[in-house]
Amino acid sequence: MKYQNSISFARELDAQDPLGRFRTQFHMPQQKDGTPYIYLCGNSLGLQPKSTAAALEQELEDWKNLGVEGHFHAKNPWLPYHEFLTSAMAKVVGAKPEEVVVMNTLTANLHFMMISFYRPDSKRNKIVIEADAFPSDKYAAESQIRLHGYDPKDCLIELKARAGEVCLREEDIKTVIEAHGEELALVMLGNTNYYTGQYFDMKQISTWAHNVGAFVGFDCAHGAGNIPLDLHNSGCDFAVWCNYKYLNAGPGGMGGAFINERHHNDKDLPRLEGWWGHNKETRFKMRDAFEPIPTVEAWQLSNPPILAMAAVWASLQIFEKAGMDRLRTKAIKLTGFLEYLVNSLGEEIINIITPADPKRRGSQLSIQVKSADKSIYETITKAGVIADWREPDVIRVAPVPLYNSYEDVYKFYEILKSAIQNAN
Ligand SMILES: *Cc1c(COP(=O)(O)O)cnc(C)c1O
């Protein structure tokens with residue numbers, strides 16, 4: 001794609017954009033004077049679909065009018081409610097419907113998965129994780145290690161980038177996996193790193209982990225709804241994600257979990273259980289011994305929060321219409337445009353730490369402004385940009401194909417450029 005550095009070029013791309021109409025289906029946050037912000041933070045909290053309010057209202061109405069009968073007679077009965085989301089969710093992450101369930105929240109799901117897939121013994125007890133993993137993931141892994149009576153100092157193996165580099169090299173991941181070999185119980189990585197935006201080849205990593213007899217799971221918080229994930233074919237054992245970043249399900253919204261079908265009927269796999277994982281036919285008899293649903297749903301514990309789930313469903317219906325393939329096509333073009341513009345500011349001023357290869361990244365670029373401090377970020381914020389700052393020197397921006405335009409990207413570039421010029 002050949003880009004041009006002009007607002008008219010940006011507007012031309014918008015005019016040709018087959019997904020352009022989706023922008024109006026979202027509430028765009030506004031400044032005090034009513035001008036919309038340039039919102040480039042959908043990797044942190046996705047925007048609110050205009051359809052979400054009606055979806056919540058429906059459940060409030062049914063609760064108001066039907067009380068407990070809503071479990072059976074609501075427009076969307078609450079008893080099987082989570083099932084309404086499954087096929088759309090499965091398409092977003094590339095899995096079979098039996099392998100996917102919307103439940104709990106992200107870190108909680110990470111723990112539930114580790115209960116099943118991290119079962120250390122005196123020989124095999126190590127977890128491989130990224131050195132710059134999202135803190136919650138690291139806390140979860142460390143506490144699981146301690147839960148089993150081991151010491152994170154011995155058992156948590158951190159993948160570090162080479163000196164002078166920011167992103168991990170995949171061949172180094174292989175080396176570490178092979179070096180720990182039979183001592184390795186689990187490889188657990190963010191499939192898209194939250195800080196650098198680097199996207200890992202899940203199939204490759206899964207093969208390396210399985211070759212040494214370890215399980216492998218991915219935290220897809222920054223992948224789900226961003227990159228078509230193909231979880232089933234990746235071969236990984238499990239994956240978890242949140243739905244409030246690229247998936248627009250609202251602050252603290254529910255998470256998702258994937259477990260490869262080969263584990264669904266494994267009686268040796270321990271699991272924390274609750275009544276929502278029990279056979280639906282006999283669930284309400286309340287007397288039977290636990291009889292797991294023969295899918296990932298066996299990992300469900302509680303009857304789910306319908307209001308929170310309604311918000312996930314409202315968003316998934318938009319993804320059904322837009323389609324991950326079309327979103328990915330636009331994301332590559334839109335992110336490429338941003339990269340082209342930012343790089344035009346000059347290597348001596350700017351350094352994008354996200355991989356330049358579109359296959360190795362999603363919609364996020366992490367931009368280092370050399371010899372700058374947080375004041376650059378504060379200046380662009382005042383000028384109407386919502387992005388995100390990560391210490392010590394990185395501005396993360398995510399042009400989201402569902403609701404961001406090429407014009408958004410261009411305006412961001414102009415604001416960043418003038419902030420840099422004024423700082424010097
Ligand atoms: C956003 C994010 C989280 C947040 O976890 P919650 O349990 O949803 O609060 C955790 N891990 C990663 C990798 C994330 O990107």
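In what follows, residues are counted from 1 in the order of the sequence shown. Whatever order the structure lists ligands and atoms in, that order sets their numbers, starting from 1.
- Asp14 places a side-chain N or O within donor-acceptor distance of the main-chain N or O of Tyr406, the cut-off being under 3.5 Å.
- With hydrogens and angles left out, the side-chain atoms of Asp237 and His210 include a donor and acceptor closer than 3.5 Å.
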List, one per line, each side-chain donor-acceptor pair under 3.5 Å for residues 312-321, sequence neighbours excluded.
residue, atom, partner, partner atom, Å
Ser315, OG, Leu247, O, 2.4
Glu320, OE1, Lys91, NZ, 3.3
Glu320, OE2, Lys91, NZ, 2.9

Let me check something: any side-chain donor-acceptor pairs from residues 379-387 under 3.5 Å, sequence neighbours excluded? List them with distances.
residue, atom, partner, partner atom, Å
Thr379, OG1, Ser375, O, 2.7
Thr381, OG1, Tyr377, O, 2.7

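- Judged as a ring-ring contact (aromatic ring centres under 6.0 Å, His included), and not counting sequence neighbours, Trp63 has no contacts.
- Residues of the protein with a heavy atom under 4.0 Å from ligand 1 are Leu106, Thr107, Phe134, Asp137, Asp219, Ala221, His222, Tyr244, Lys245, listed by chain and number.
- Cation-pi contact between Lys333 and Tyr340: absent, since separation from the ring centre below 6.0 Å together with deviation from the ring axis within 45° is not met.
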